[in-house]
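Shown next, in structure tokens, is the structure this report addresses.
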Number of protein chains: 2
Amino acid sequence: MTTATAGTDLSRATQLFHALSDETRLAVVEMLHDGERCVCDLQDALDVAQSRLSFHLKVLKDAGLVTDRKEGRWVHYALNSDTLAELLTIAGDLKPSRRVLAVRGGRACCD
Amino acid sequence: MTTATAGTDLSRATQLFHALSDETRLAVVEMLHDGERCVCDLQDALDVAQSRLSFHLKVLKDAGLVTDRKEGRWVHYALNSDTLAELLTIAGDLKPSRRVLAVRGGRACCD
DNA sequence: GTATTATATCAACTATTCTTGATTCGTCAA
DNA sequence: TTGACGAATCAAGAATAGTTGATATAATAC
């Protein structure tokens, strides 16, 4: 069911993977794992320059991986679990089922 | 069980995500989805310069996402489903469980 | 042997991404 | 108001990644 059009949207997939291909951003995601955090909090914990953190938060936000919520002068970021679910689907589609692997076997191209 | 040390290996995670953060490489992965292919075959189908494809195959191979098998003058590439399983685990660990979300709620930092 | 083919590698270049420090904007407190 | 703080944005430079064309290597065919 997921196979026919799976992976068609390569650019969306690359956007997600790219957003996660940076240690600072992954560390942010990890910190948000158990709930939302304000920027100052993340900055403290991760010990990164403010503008740098802001840059990475934007990458995550543009990819839809996090959401932000303004409250007074603070901004709270949280994981977007819909997008994380989307990621799981995409990642799952990359993995061939055992059956498919069995069907094609040694036979390949240029023989 | 996966939680305590989950995500500790940020650099491995970034390597995997980075390897998948390119459309050409994702297209390769997609082509390998139903079995191994020789380079010439991939090159034909994807219509990319040979050295460029070789570069991208190396990125995928360095990340462990594909394996290569030399046969005469051809090299056949195939997905490494162990690594794809690893990817799924990593991606899964990014997504907080519903329970965790519920426990932490509005309360955050700087109040 | 020589020629040809499949692939990898290298060097030079281009493009993209990341970092830094400065500036700006909005919010709150005095 | 004015001043301070939290956060976003911008411009410039540094670093990294990707592309291209040329060359190298290894296997096969002649």
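All chains are named by letter (A, B, ...) in the order of the sequence lines, taking the proteins before the strands, and each is independently numbered beginning at 1.
- Every residue meeting the side chain to side chain donor-acceptor pair (under 3.5 Å) condition with A:Asn80, not counting sequence neighbours, appears here in chain and number order: A:Thr83.
- Residues of residues 58-68 of chain B that place a heavy atom closer than 4.0 Å to DNA chain D do not occur.
- Contact check on A:Arg25 versus A:Glu23 returns no salt bridge, with no Lys/Arg side-chain nitrogen under 4.0 Å from an Asp/Glu carboxylate oxygen.
- Protein atom NE2 of B:His76 is 12 Å distant from nucleotide atom P of C:dA8, rounded to whole Å.
- Between the P atom of D:dG18 and the CD atom of B:Glu23 lies a distance of 12 Å, rounded to the nearest Å.
- With rounding to whole Å, B:Asp44 atom CG is found 14 Å from C:dT7 atom C1'.
- Separation of atoms OG1 (B:Thr67) and CG (B:Leu79) is listed at 8.0 Å; rounding is to 0.5 Å.
- Under the salt bridge (Lys or Arg N to Asp or Glu O under 4.0 Å) criterion, A:Glu86 pairs with A:Arg12, not counting sequence neighbours.
- If you check C:dT7, D:dA17, C:dA8 against the side chain of B:Leu57, the one that comes closest is C:dA8.
- Listed by chain and residue number, B:Thr24, B:Val48, B:Ala49, B:His56 satisfy the side chain to side chain contact (heavy atoms under 4.5 Å, CB included) test with B:Arg52 (two or more places apart in sequence, or in another chain).
- A:Pro96 places a side-chain heavy atom less than 4.5 Å from the side chain of B:Leu84.
- When rounded to the nearest whole Å, the span between NE2 of A:His18 and P of D:dA17 equals 10 Å.
- The side chain to side chain donor-acceptor pair (under 3.5 Å) check on A:Ser21 picks up nothing, with sequence neighbours excluded.
- Side-chain contact check for B:Leu88 versus A:Lys95: some heavy-atom pair is nearer than 4.5 Å.
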Checklist entry - For nucleotides 19-28 of chain C, read 5' to 3', which letter fits each nucleotide if B means a protein heavy atom sits under 4.0 Å from the base, S means only the sugar-phosphate is that close, and - means neither? => result BBBB----BS
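- When the side-chain nitrogen and oxygen atoms of A:Tyr77 are compared with OP1 and OP2 of D:dG6, none of them lie within a distance under 4.0 Å.
- Atom CG of B:Leu53 is separated from atom P of D:dT19 by 11 Å (rounded to the nearest Å).
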